[in-house]
Amino acid sequence: MSEYVVDASVVIKWVVGEPETVLALALRQHRLSAPDLLVAECANILWKKVRRNELAGDQAVFAARLLDRADIELVPARGLMEAATSLAVALDHPAYDCLYLSLSERSGRPLVTADTRLLKKLGTTPTGIYSGRVIDLRTVQASRP
């Protein structure tokens with residue numbers, strides 16, 4: 001069993017049918033962790049999906065209930081804030097995403113994400129600085145440590 005840090009772009013796919021949902025669900029067989037920010041981010045994504053008429057309100061509430069019971073180790077963001085802020089400044093990227101990256105660096109677990117903007121920013125090509133540390137959800141099965 002592998003260990004990963006996962007972000008909201010992956011976890012939301014467990015309860016909302018999206019591209020790569022099957023890949024996201026397959027990650028549940030591994031040990032997963034995330035900053036506790038994950039809870040707020042997933043709730044916000046569900047709210048946005050209701051606003052866009054992609055989900056009914058009761059569907060969003062049910063999805064939130066399922067996610068609330070998900071087997072993910074939630075790590076307090078408080079201990080990650082300094083490193084996340086430093087990464088956000090260095091990368092010129094939102095600190096929200098950098099909390100996940102900070103946890104990945106601290107725990108030694110790769111971050112799995114479906115966030116194409118983050119992947120592009122980090123340059124996850126084989127020669128990129130975050131190669132192996134940040135994994136595109138679409139390739140996680142092929143690159144499993």
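Keep in mind it's a predicted model, so treat the numbers as computed, not measured.
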- For C42 against A8, the heavy-atom pair lying closest together: SG-CB, 4.0 Å
- Item | Check: R133 side chain, S104 main-chain N or O, donor-acceptor pair, under 3.5 Å | yes
- Message: Please give me the minimum heavy-atom distance between V50 and A60, naming the atom from each residue.
- Response: CG2-CB, 3.5 Å
- OG of S9 to CG of L118: how many Å apart, nearest 0.5 Å? 8.0 Å
- Would you name the heavy atoms of W14 and A24 that are closest together and state the gap between them? NE1-O, 2.8 Å
- What closest approach, in Å, do R106 and V75 show between heavy atoms, and which atom pair accounts for it? NH2-CG1, 3.2 Å
- Query: Could you state the interatomic distance from CG (L38) to OH (Y100), rounded to the nearest 0.5 Å?
  - Reply: 4.5 Å
- Quick one: salt bridge (charged side-chain N to carboxylate O under 4.0 Å, His left out) pairs with a partner in residues 61-75, sequence neighbours left out? E73-R109
- Using the side chain to side chain contact (heavy atoms under 4.5 Å, CB included) rule, take E20 and V10 through it: C-alpha gap first, then chi angles, then the decisive distance, then the call. CA-CA 9 Å; E20 295 94 30; V10 170; over 6 Å; no
- Item | All pairs passing salt bridge (charged side-chain N to carboxylate O under 4.0 Å, His left out) where residues 31-48 contributes a residue, at least two apart | E3-R31
- A26 backbone acceptor or donor facing Q29 side chain under 3.5 Å: yes
- Task: Assess whether salt bridge (Lys or Arg N to Asp or Glu O under 4.0 Å) is satisfied between D115 and R117, documenting all intermediate values.
- Result: CA-CA 5 Å; D115 183 340; R117 193 172 119 217; 5.8 Å; no
- Identify whether L25 and Y4 are in the same connected component of the hydrophobic contact network (ILVMFWY, side-chain heavy atoms under 4.5 Å). yes
- Item | Closest approach of C98 to H93 (non-hydrogen atoms, all atoms of both residues) | SG-O, 4.0 Å
- Task: Keeping the roles fixed (side chain from T85, backbone from M81), state whether a donor-acceptor pair exists under 3.5 Å.
- Result: yes
- Distance from D136 atom CG to L111 atom CG, nearest 0.5 Å? 10.5 Å
- ILVMFWY network linking L27 to L74, side-chain heavy atoms under 4.5 angstrom: yes
- So do the side chains of V134 and P110 get within less than 4.5 Å of each other, counting heavy atoms only? no
- Query: Are V11 and W47 joined in one hydrophobic group, where the rule is that I, L, V, M, F, W and Y side chains link up if heavy atoms are under 4.5 Å apart?
  - Reply: no
- Side chains of V112 and V5: closer than 4.5 Å at any heavy-atom pair? no
- Query: Taking the side chain from K49 and the backbone from G57, do they hold a donor-acceptor pair closer than 3.5 Å?
  - Reply: no
- Taking atom CG of L55 and atom CD1 of I45, what is their separation to the nearest 0.5 Å? 11.0 Å
- Measure the spacing between CG of L46 and CD of E54 and express it to the nearest 0.5 Å. 11.0 Å
- Query: How many angstroms lie between atom OG1 of T113 and atom CG of D97, to the nearest 0.5 angstrom?
  - Reply: 7.0 Å
- Item | Working for side chain to side chain contact (heavy atoms under 4.5 Å, CB included), residues L137 and K13 | CA-CA 11 Å; L137 174 61; K13 292 177 188 322; 3.9 Å; yes
- Consider only side-chain heavy atoms of I, L, V, M, F, W and Y, link residues closer than 4.5 Å, and tell whether L66 and V16 are in one cluster. yes
- Minimum heavy-atom distance S33-L103, with the two atoms named: OG-CD2, 4.0 Å
- State plainly whether one hydrophobic cluster holds both L67 and F62, where clusters connect Ile, Leu, Val, Met, Phe, Trp and Tyr through side-chain heavy atoms under 4.5 angstrom apart. yes
